[in-house]
Protein chains: 2
Amino acid sequence: MASLKDVAQRAGVSVKTVSNVVNGYAYVASGTREKVELALSELDYRPNLSARNLRRGRTGVIALAVPELDAPYFAELSRSVIKAAAERGWMVLIDQTDGVAARERELLQGIREQSVDGLIFSPVAIGRDDLAARTDATPLVLLGERVLDGPTDHIAVDNQRAAREMTAHLAGLGHTRIGAVGAQHRPGMGTARLRLAGYREGLAAAGLPYDEDLVAPTPAYRRADGAEAMRRLLALPEPPRAVFCFNDLLALGALRTALSQGLRVPEDVAVAGFDDIEDGRYSTPTLTTISPDKDRVAKTAVELLDTRIDAGRRAGHGAAACREIEAPYRLLVRESTVGRAG
Amino acid sequence: MASLKDVAQRAGVSVKTVSNVVNGYAYVASGTREKVELALSELDYRPNLSARNLRRGRTGVIALAVPELDAPYFAELSRSVIKAAAERGWMVLIDQTDGVAARERELLQGIREQSVDGLIFSPVAIGRDDLAARTDATPLVLLGERVLDGPTDHIAVDNQRAAREMTAHLAGLGHTRIGAVGAQHRPGMGTARLRLAGYREGLAAAGLPYDEDLVAPTPAYRRADGAEAMRRLLALPEPPRAVFCFNDLLALGALRTALSQGLRVPEDVAVAGFDDIEDGRYSTPTLTTISPDKDRVAKTAVELLDTRIDAGRRAGHGAAACREIEAPYRLLVRESTVGRAG
DNA sequence: CAACGCTGTTCCAACGATGTAAATCTTACG
DNA sequence: CGTAAGATTTACATCGTTGGAACAGCGTTG
């Protein structure tokens with residue numbers, strides 16, 4: 001692998017001149033430039049990034065930390081993030097936390113500090129105090145959980161409002177026994193809490209009572225958890241006629257349980273989700289859901305990070321104001337709540 | 001951020017001694033070691049990886065290149081790869097090619113050469129000649145497409161045999177008009193070709209004729225493609241009574257089309273897939289499919305790469321023999337071909 | 001007691017690229 | 001023709017780490 005030195009030798013100039021050509025420095029005589037460029041291509045020169053990074057103090061890589069890459073929501077989000085990052089010249093390194101608090105904390109405390117220039121992080125288990133206790137100075141952008149007044153840039157849909165709207169949608173269809181799937185009692189887990197709060201608001205707004213029995217907690221947010229929770233709900237003496245699942249995977253699991261028990265969806269029980277993963281657009285019935293604009297979230301996250309990385313480079317530690325950005329979303333009504341006709 | 005120099009100063013020893021402690025060098029007096037370790041933790045020292053990498057000539061990162069991260073098969077595979085890599089101390093950088101030949105070629109020609117120590121690559125569009133033309137010396141492991149006698153380590157299930165078995169399964173159920181979804185006429189695309197070959201073998205073995213009309217090509221391998229292809233097949237004067245889709249996404253799309261046209265699956269038309277993504281375990285009906293052992297594939301890929309990276313470091317360019325590894329798979333019979341009872 | 005072989009520590013160079021400042025070369029102008 | 005103001009190029013130090021060799025202390029051994 002050719003280094004600047006090799007190229008310089010071949011072109012008969014100094015190393016610095018080659019560096020100048022490579023970096024587009026203005027004051028290089030055109031003859032020299034040509035010579036150097038010839039040598040560059042003859043030797044197929046490519047800068048050694050470790051060296052460049054050492055010198056420049058950056059790595060050209062950002063990390064994206066998600067709970068699980070195989071949860072479609074995060075897969076789709078990751079796709080968008082990688083794309084947005086590539087457009088700005090970043091490479092993306094992916095970390096999986098499995099939603100384990102210790103792993104999440106490690107990230108906040110900077111295990112990747114030396115390897116990346118910034119971190120886009122979708123936390124599950126950690127709370128505000130963990131964020132406050134952070135010492136690592138790597139620029140950070142949080143996704144998906146509202147941490148108001150946190151010391152961190154942050155992007156999320158308004159989970160609570162969206163959940164409220166979804167509940168209102170179900171109530172608007174005439175449902176009076178509306179269940180919820182995906183409550184979580186663990187600390188952290190702001191998302192579950194916010195969606196639950198929205199659900200309660202929605203019930204209240206519709207004049208419906210909040211019935212603890214209709215709220216099924218789940219240990220995680222995968223299909224199996226939704227399927228299991230639905231089994232519990234359907235086993236109630238008076239099962240719900242509509243169920244709001246706190247994400248689409250839960251909803252797909254719930255759907256499977258309902259259908260395999262011979263119930264019709266939505267005639268016997270309506271099911272709604274959250275996230276708008278592609279599966280829900282092709283399930284039978286298709287899934288009513290909240291669709292956050294993932295491309296927008298990803299793009300904004302990368303932009304925010306970019307800005308903050310530049311700022312850090314420029315101004316030392318001038319703590320630029322933290323930005324809380326609300327991502328747009330839409331409520332998509334599909335077959336699982338209104339049937340084929342709708 | 002503290003450097004070795006800072007730590008050395010604080011501990012009152014030389015930089016190299018600190019380095020020796022950090023790297024577990026044996027000949028350090030226990031007193032010295034303690035002093036240094038104290039200073040290390042007081043300053044929260046973390047090695048600068050760019051510098052270390054520059055010195056050692058490696059980066060600690062491997063790249064994983066897949067067509068699309070949001071295709072569940074690749075999401076699941078990526079999850080496994082990241083996990084397997086983490087166990088061996090690697091970080092994983094993900095590239096998306098979108099199946100675009102130019103992008104795939106770039107990777108082979110080494111755009112990541114300086115940033116990673118090795119590449120795990122799931123190609124779609126490139127062919128054997130592209131591989132042969134490769135000059136980049138980065139260790140490479142290919143996934144998922146058989147390139148016999150290629151100059152490259154490689155892991156895949158026996159696509160052709162698996163496809164043959166699946167076709168046999170359908171024929172064994174008494175089907176005589178068995179369609180195929182996902183043929184591809186593009187160059188490259190060994191996978192599609194192999195699965196098609198297996199399908200034909202399966203038909204032949206069952207004494208069934210090969211009918212070109214029952215083979216639906218698709219531009220890509222997503223749900224929408226499967227849905228569209230199924231529409232074409234069902235519009236035939238004599239539509240197939242069973243359909244083998246070359247991956248699960250196609251199958252899920254096909255399923256959606258069939259169900260939304262009021263057909264019963266499998267009573268009116270049976271559907272089978274390939275890949276065993278999680279969606280297919282929760283769809284209604286659940287999806288009969290070929291289940292490659294993804295964890296095994298991932299783990300083996302990382303091991304192979306690890307070996308090759310070590311070898312490259314040790315022996316210069318001693319071209320170790322290329323290994324073709326066949327990954328195990330199972331045919332999972334579920335509702336979409338045999339119904340609820342089965 | 002001198003030479004030897006350990007252990008433990010330090011010094012120096014190098015990895016490859018780039019910022020700084022200085023050296024060299026042109027050109028224009030008085 | 002001398003000189004100042006650019007234009008162009010170069011030498012050198014530096015980023016943080018580690019390999020190799022040199023060096024120092026010290027108990028053994030012949």
Side-chain angles (χ1 to χ4, degrees), chain A residues 1-37 39-40 43-61 110 112-117 137-138 312-314 316, chain B residues 1-37 39-40 43-61 110 113-117 137 312-314 316:
Chain A
M1 176 91 289
S3 72
L4 281 187
K5 202 162 109 189
D6 305 320
V7 178
Q9 215 147 41
R10 175 151 199 140
V13 298
S14 78
V15 170
K16 189 64 214 286
T17 297
V18 180
S19 168
N20 285 338
V21 170
V22 170
N23 293 292
Y25 180 66
Y27 295 131
V28 177
S30 60
T32 314
R33 167 162 284 135
E34 274 167 32
K35 261 193 316 191
V36 171
E37 272 166 356
L40 281 172
L43 295 178
D44 189 26
Y45 169 79
R46 282 180 236 179
N48 178 313
L49 293 186
S50 291
R52 176 176 279 177
N53 294 338
L54 170 59
R55 190 57 242 238
R56 295 202 207 180
R58 46 151 73 210
T59 68
V61 177
R112 291 288 174 258
E113 183 172 11
Q114 294 288 357
S115 309
V116 305
D117 295 334
T138 312
R313 204 147 306 283
R314 214 163 276 138
Chain B
M1 177 91 286
S3 71
L4 282 186
K5 203 163 110 189
D6 305 319
V7 178
Q9 214 148 41
R10 174 154 200 139
V13 299
S14 78
V15 169
K16 187 65 210 290
T17 298
V18 181
S19 168
N20 284 339
V21 170
V22 170
N23 293 293
Y25 180 66
Y27 296 132
V28 178
S30 61
T32 314
R33 168 162 283 135
E34 274 168 33
K35 262 192 316 190
V36 171
E37 272 166 356
L40 281 171
L43 295 178
D44 190 25
Y45 169 79
R46 281 179 238 180
N48 178 313
L49 294 186
S50 291
R52 175 177 281 177
N53 295 337
L54 171 59
R55 187 60 240 234
R56 292 197 186 160
R58 46 150 75 210
T59 68
V61 178
E113 182 172 11
Q114 294 288 356
S115 309
V116 306
D117 295 333
R313 205 147 305 283
R314 213 163 277 138

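Scope of the values below: all heavy atoms of this structure, side chains included, with no hydrogens, waters or symmetry mates. In what follows, every chain begins at residue 1, and chains take the letters A, B, ... in the order their sequences are listed.
Between Leu54(A) atom CG and dT18(D) atom P the separation is 12 Å, expressed in whole Å. Rounded to whole Å, atom P of dT8(D) lies 14 Å from atom NZ of Lys35(A). What separates CD of Gln9(A) from P of dT9(D) is a distance of 18 Å, to the nearest Å. Between the CZ atom of Arg56(B) and the C1' atom of dG16(C) there is a distance of 17 Å, given to the nearest Å. A straight line from CG of Asn48(B) to C1' of dT14(D) spans 13 Å, rounded to a whole angstrom. With rounding to whole Å, Arg58(B) atom CZ is found 12 Å from dG19(D) atom P. The distance between atom CG of Leu4(A) and atom P of dA11(D), rounded to the nearest whole Å, is 14 Å. Look at NZ on Lys5(A): it is 16 Å from P on dT18(C), rounded to the nearest Å.
When all heavy atoms of Val36(B) and Val7(B) are compared, the pair lying nearest together is O-CG1, 4.3 Å. Smallest separation of non-hydrogen atoms from Ala11(B) and Ala39(B): CB-CB, 3.9 Å. Across Val61(B) and Ser115(B), no two heavy atoms sit closer than the pair CB-O, 3.9 Å. In plain terms, the two heavy atoms of Pro47(A) and Gln114(B) that are nearest each other are O-CG, 3.1 Å.
Distances were taken from every side-chain heavy atom of Tyr45(B) (C-beta onward) to each of dT18(C), dT9(C), dT17(D); the shortest belongs to dT17(D). Here the side chain of Asn20(B) is nearest to one of dG19(D), dT10(C), dT18(C), namely dT10(C). Of the candidates dT9(D), dC15(D), dT18(D), the closest approach to any side-chain atom of Arg55(A) belongs to dC15(D).
Applying the side chain to side chain donor-acceptor pair (under 3.5 Å) test to every pair with at least one member in residues 20-33 of chain B, sequence neighbours left out, gives these pairs: Ser19(B)-Asn23(B), Asn23(B)-Arg56(B).
Summary of helix geometry: the two end axes of the helix from dC1(C)-dG30(D) to dG30(C)-dC1(D), each defined by five base pairs via their C1' atoms, are inclined to each other by 70° (rounded to 10°).
Within 4.0 Å of Asn23(B), counting heavy atoms only, lie sugar-phosphate atoms of the nucleic acid but no base atom. At a threshold of 4.0 angstrom between heavy atoms, the contacts of Ser3(B) are confined to the sugar-phosphate backbone, with no base atom among them.
A distance of 11.0 Å separates CZ of Arg52(A) from CZ of Arg58(A), quoted to the nearest 0.5 Å. Taking CG from Leu54(B) and CG from Asn48(B), the interatomic distance works out to 9.5 Å, rounded to the nearest 0.5 Å. The distance from atom NZ of Lys5(A) to atom OG of Ser3(A), rounded to the nearest 0.5 Å, is 6.5 Å. Taken from CZ in Arg112(A) to CG in Asp117(A), the straight-line distance is 14.0 Å, to the nearest 0.5 Å. Atoms CG and CD, on Asp44(B) and Glu113(A) in that order, are 8.0 Å from each other to the nearest 0.5 Å.
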Using atom names, set out every protein N or O paired with an N or O of nucleotides 21-24 of chain C below 3.5 Å, distance rounded to 0.1 Å.
none

Using the 3.5 Å cut-off, write out each protein N or O paired with an N or O of nucleotides 23-26 of chain D and the distance between them.
none

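The nearest heavy atom of DNA chain D to Ala51(B) and to Thr17(A) marks one nucleotide each, and the one closer to the 5' end goes with Thr17(A). With DNA chain C read from its 5' end, the first of the two nearest nucleotides for Val13(B) and Ser19(A) is the one closest to Val13(B).
Looking at Asp6(B), Val28(B), Leu40(B) one by one, the single match for side-chain contact (heavy atoms from CB on, under 4.5 Å) with Val18(B) turns out to be Leu40(B).
Scored by the side chain to side chain donor-acceptor pair (under 3.5 Å) test, Arg10(A) finds Glu42(A) as partners (sequence neighbours excluded).
Phosphate contact (OP1/OP2 of dT10(C), side-chain N/O of Ser14(B), threshold under 4.0 Å): present.
Using a 4.0 Å cutoff on non-hydrogen atoms, the parts of residues 24-31 of chain A near DNA chain D are Tyr25(A), Tyr27(A), Val28(A), Ala29(A), ordered by number.
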